[in-house]
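Data first, discussion second: the structure below is written as C-alpha coordinates.
Residue numbers run from 1 in the order of the sequence given.
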Amino acid sequence: MVKSKTRVSGGFRTLTGAQMFLAIRGYISTIRKNSLRAATELRNALLGDPWTPTVAA
(Lines give C-alpha, C1' and ligand atoms only; values in the text may rest on other atoms or scores of the structure.)
Protein backbone atom coordinates (compact mmCIF):
# COMPACT_ATOMS: atom_id res chain seq x y z
CA MET A 1 0.00 0.00 0.00
CA VAL A 2 2.77 2.44 0.86
CA LYS A 3 4.49 1.70 -2.44
CA SER A 4 1.34 2.48 -4.44
CA LYS A 5 0.68 5.55 -2.27
CA THR A 6 4.15 6.81 -3.17
CA ARG A 7 3.59 6.23 -6.88
CA VAL A 8 0.13 7.80 -6.96
CA SER A 9 0.74 10.94 -4.94
CA GLY A 10 4.46 11.45 -5.41
CA GLY A 11 5.43 10.36 -1.94
CA PHE A 12 5.06 11.61 1.57
CA ARG A 13 6.38 15.07 2.33
CA THR A 14 7.70 14.19 5.77
CA LEU A 15 8.55 11.17 7.87
CA THR A 16 5.92 12.31 10.37
CA GLY A 17 3.25 12.30 7.64
CA ALA A 18 4.18 8.77 6.62
CA GLN A 19 4.09 7.60 10.25
CA MET A 20 0.64 9.13 10.80
CA PHE A 21 -0.68 7.49 7.63
CA LEU A 22 0.63 4.09 8.71
CA ALA A 23 -0.72 4.44 12.26
CA ILE A 24 -4.22 5.23 10.97
CA ARG A 25 -4.01 2.43 8.41
CA GLY A 26 -2.94 -0.04 11.12
CA TYR A 27 -5.77 1.08 13.42
CA ILE A 28 -8.34 0.57 10.65
CA SER A 29 -6.87 -2.84 9.83
CA THR A 30 -7.13 -3.95 13.46
CA ILE A 31 -10.70 -2.68 13.72
CA ARG A 32 -11.73 -4.60 10.61
CA LYS A 33 -10.07 -7.80 11.86
CA ASN A 34 -12.25 -7.53 14.97
CA SER A 35 -15.45 -7.22 12.86
CA LEU A 36 -16.08 -3.59 13.78
CA ARG A 37 -17.09 -0.72 11.51
CA ALA A 38 -14.10 1.45 10.61
CA ALA A 39 -16.01 4.72 10.18
CA THR A 40 -17.78 4.38 13.51
CA GLU A 41 -14.62 3.50 15.40
CA LEU A 42 -12.60 6.28 13.77
CA ARG A 43 -15.31 8.73 14.83
CA ASN A 44 -15.21 7.38 18.38
CA ALA A 45 -11.41 7.66 18.45
CA LEU A 46 -11.55 11.28 17.31
CA LEU A 47 -14.11 12.00 20.02
CA GLY A 48 -11.72 10.63 22.65
CA ASP A 49 -13.03 7.09 23.03
CA PRO A 50 -10.68 4.85 21.00
CA TRP A 51 -11.36 1.14 20.70
CA THR A 52 -8.85 -1.09 22.45
CA PRO A 53 -8.81 -4.88 22.37
CA THR A 54 -9.67 -6.77 25.51
CA VAL A 55 -6.76 -8.44 27.29
CA ALA A 56 -7.06 -12.19 27.67
CA ALA A 57 -6.42 -13.32 31.24
Less than 3.5 Å apart, which donor and acceptor atoms pair up between the side chains of residues 30-39 and the rest of the protein, not counting sequence neighbours?
unit_1 : atom_1 : unit_2 : atom_2 : d
Thr30  : OG1    : Gly26  : O      : 3.0
Asn34  : ND2    : Thr30  : O      : 2.8

Quiz item: So, Tyr27 side chain and Leu42 main chain: donor-acceptor pair closer than 3.5 Å or not?
Solution: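 No; zero donor-acceptor contacts below 3.5 Å.
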Quiz item: What is the distance from atom CD of Glu41 to atom CG of Asn44, rounded to the nearest 0.5 Å?
Solution: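 So the gap between those two atoms works out to 5.0 Å.
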Exercise. Name all residues meeting the side chain to side chain contact (heavy atoms under 4.5 Å, CB included) criterion together with Thr54; count only those two or more places apart in sequence or in a different chain, and write none if there are none.
Key: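 For Thr54, no residue satisfies side chain to side chain contact (heavy atoms under 4.5 Å, CB included) once neighbours in sequence are set aside.
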Quiz item: Quick one: side chain to side chain contact (heavy atoms under 4.5 Å, CB included) partners of Ile24, sequence neighbours excluded?
Solution: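 Result, side chain to side chain contact (heavy atoms under 4.5 Å, CB included) vs Ile24: Ile28.
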Quiz prompt | Intermediate values then yes/no, side-chain contact (heavy atoms from CB on, under 4.5 Å), Arg43 and Thr40 | solution = CA-CA 5 Å; Arg43 178 185 168 275; Thr40 302; 5.8 Å; no
